[in-house]
Amino acid sequence: MTQGAGQGPEVERTAVLRDFRVPAYVNETGPYGHSTHPGDVVPADEEAYPEGYTPTEQDLPVIHHGDELQVAVDPAARTVDGPGPLFVVGDVHGYLDELTSALQEKGLVDAAGNWCAGTARLWFLGDFTDRGPDGIGVIDLVMRLSAEAAAAGGYCKALMGNHELLLLGAKRFGDTPVNSGAGTATFQAAWLLNGGQKTDMDRLQDHHLQWMARLDAVEEVDGHLLVHSDTTAYLDYGDSIEAVNDTVRETLTRNDADEVWDLFRKLTKRFSFRDEGGADHVRSLLDTYGGTRIVHGHSPIPYLLGEVGSEDDEDESGPVVEGPHVYADGLAIAMDGGVTMAGKLLVQQLPLDI
């Protein structure tokens, strides 16, 4: 970001790249339905970017047709030494209002939903859509906060969740049969079964798809290994963080339905850290990728605790979730508070004070 010496707020401008294209997607239209399935289930014409969109870096926002990116830079951000505080966000699943409220409660956004946390660092652990009412609104918010946080000297970043893979697959491959290992399945059927929302599909645009496809799967920050899923399946994709992220992106770039399905299926696995040997499974990931603790979403805390709860639960009070769940000999931190089952959308500063 170039900073001038003139008077008044400085702005960041992003050059326009007009020739970028994404792979063709099939089944762009068609019937979609709602689902309130309680858990993630794995069942047995080329389009241009909107003019002005620049797919150059993962943390840059979308620039819509005719727009330029102009974000005022906070002068105070340039005088702060060292990184700001670190926050993580669990699964959102389309609950935009709950997300905005939780971010505001932590002082990350103001009453208008704009970034107000200066040099703070914010990581989303994935699963932005499905089940809840406004998944696309959630993605739009995260993309906007990425620009605003960067202008203030902080950052807002996101990881790939299994529901990002599911939505990408439903858009790209639709009803194309894939080899599920237990018969024939389709991304379209899996998306519907796992809470796919017609309103999200109707509003899904190329810049949303490209943003999701460029998300990292694993990151390490301040000794915290950040992933979406509580599974050791990441080890199948590389022996370093860079290798895993490259392999995931290359898989999506090849655009092979069976390959993407296998990736989705593996990152839908859960409970690897909860059951017998769970702490050892966490250690295998930490030994390979670094960090002293793993932080994940994906499996709702009520599930990890063995409580009964689902989107279909007749108990309207929902499960009681006060904060993150620390388990596996203190090596794992679960961040999915079960917002889809009337739990809590968690935003937490790290490290935990325990």
Side-chain angles (χ1 to χ4, degrees), residues 37-42 88-93 123-128 130-131 158-166 194-195 215-221 223-238 241 244-245 248 262-311 319 321-341 343-348 350-352 354:
H37 198 276
D40 293 317
V41 179
V42 181
V88 291
V89 184
D91 298 34
V92 182
H93 284 299
W123 275 98
F124 286 81
L125 300 179
D127 276 9
F128 303 101
D130 301 337
R131 301 197 177 111
L159 292 181
M160 172 81 70
N162 61 308
H163 279 261
E164 281 68 68
L165 291 168
L166 185 57
N194 286 283
L215 295 175
D216 285 336
V218 184
E219 280 294 343
E220 188 272 328
V221 186
H224 298 92
L225 185 63
L226 308 181
V227 297
H228 173 69
S229 303
D230 46 326
T231 178
T232 58
Y234 295 97
L235 296 169
D236 295 344
Y237 292 95
I241 289 174
V244 173
N245 292 334
V248 170
D262 189 59
L263 176 62
F264 160 68
R265 181 181 61 83
K266 287 182 177 179
L267 295 192
T268 300
K269 294 179 179 179
R270 64 173 83 244
F271 300 147
S272 292
F273 313 148
R274 184 193 69 175
D275 300 326
E276 184 178 356
D280 289 335
H281 292 154
V282 175
R283 291 187 184 96
S284 69
L285 289 167
L286 297 175
D287 290 345
T288 302
Y289 302 128
T292 57
R293 265 185 173 172
I294 197 163
V295 184
H296 70 85
H298 188 48
S299 291
I301 291 171
Y303 287 178
L304 291 169
L305 295 175
E307 298 175 0
V308 176
S310 75
E311 292 89 338
V321 176
E322 298 296 339
H325 173 52
V326 181
Y327 67 115
D329 292 349
L331 296 175
I333 302 173
M335 281 293 300
D336 184 351
V339 66
T340 62
M341 57 183 72
K344 185 175 183 180
L345 199 158
L346 295 179
V347 179
Q348 178 65 44
L350 297 177
L352 289 181
I354 58 172

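All values below come from the heavy atoms of this structure, side chains included, with hydrogens, waters and symmetry mates left out.
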Taking side-chain contact (heavy atoms from CB on, under 4.5 Å) as the test, write out the residues that go with Asp329, two or more places apart.
Ala279, Arg283
Donor-acceptor pair, Asp91 side chain versus Gly337 backbone, under 3.5 Å?
no
Those residues that, when tested against His281, pass ring pair (Phe, Tyr, Trp, His ring centres under 6.0 Å) (two or more places apart)
none
Report the residues that fulfil salt bridge (Lys or Arg N to Asp or Glu O under 4.0 Å) with Lys266, sequence neighbours left out, ordered by chain and then residue number.
Asp236, Asp262
Please enumerate all residues that pass side-chain contact (heavy atoms from CB on, under 4.5 Å) together with Leu305, with sequence neighbours excluded.
Ile301, Glu307, His325
Considering all heavy atoms, the nearest Tyr327-Ala334 contact:
CE2-CB, 4.0 Å
Look at the side chain of Arg293 and the backbone N and O of Ile333, then say whether any donor-acceptor pair between them is shorter than 3.5 Å.
no
May I have the step-by-step check of side chain to side chain contact (heavy atoms under 4.5 Å, CB included) for Asp336 and His296, ending in yes or no?
CA-CA 8 Å; Asp336 184 351; His296 70 85; over 6 Å; no
Is any side-chain heavy atom of Leu331 less than 4.5 Å from a side-chain heavy atom of Ile294?
no
Under 3.5 Å: donor-acceptor pair, side chain of His228, backbone of Ala217
no
So Leu346 and Val88, do their side chains get closer than 4.5 Å, heavy atoms only?
no
Listed partners of Phe128 passing ring pair (Phe, Tyr, Trp, His ring centres under 6.0 Å), at least two apart:
Phe124, Trp211
Please test Leu235 against Leu285 for side chain to side chain contact (heavy atoms under 4.5 Å, CB included), starting from the C-alpha separation and ending with a verdict.
CA-CA 7 Å; Leu235 296 169; Leu285 289 167; 3.8 Å; yes
Under 3.5 Å, is there a donor-acceptor pair linking the side chains of Asn194 and His163?
no
Please examine the side chains of Asn245 and Val218, heavy atoms only from C-beta on, and report whether any two atoms are closer than 4.5 Å.
yes
Please examine the side chains of Lys269 and Ser229, heavy atoms only from C-beta on, and report whether any two atoms are closer than 4.5 Å.
no
Can you tell me if Tyr289 uses its side chain to pair, donor with acceptor, with the backbone of Val244 under 3.5 Å?
no
For Thr292, side-chain contact (heavy atoms from CB on, under 4.5 Å) partners two or more places apart
none
Strictly distance-based, threshold 3.5 Å: is any side-chain N or O of Asn162 a donor or acceptor partner for the main-chain N or O of Phe264?
no
Would you say Leu125 and Leu226 make side-chain contact, with heavy atoms under 4.5 Å?
yes
Side chain to side chain contact (heavy atoms under 4.5 Å, CB included) assessment of Val295 paired with Val221:
CA-CA 10 Å; Val295 184; Val221 186; over 6 Å; no
Mind checking whether Trp123 and Met335 have side chains closer than 4.5 Å, heavy atoms only?
no
Nearest heavy-atom approach of Arg274 to Leu304 is CD-O, 3.3 Å
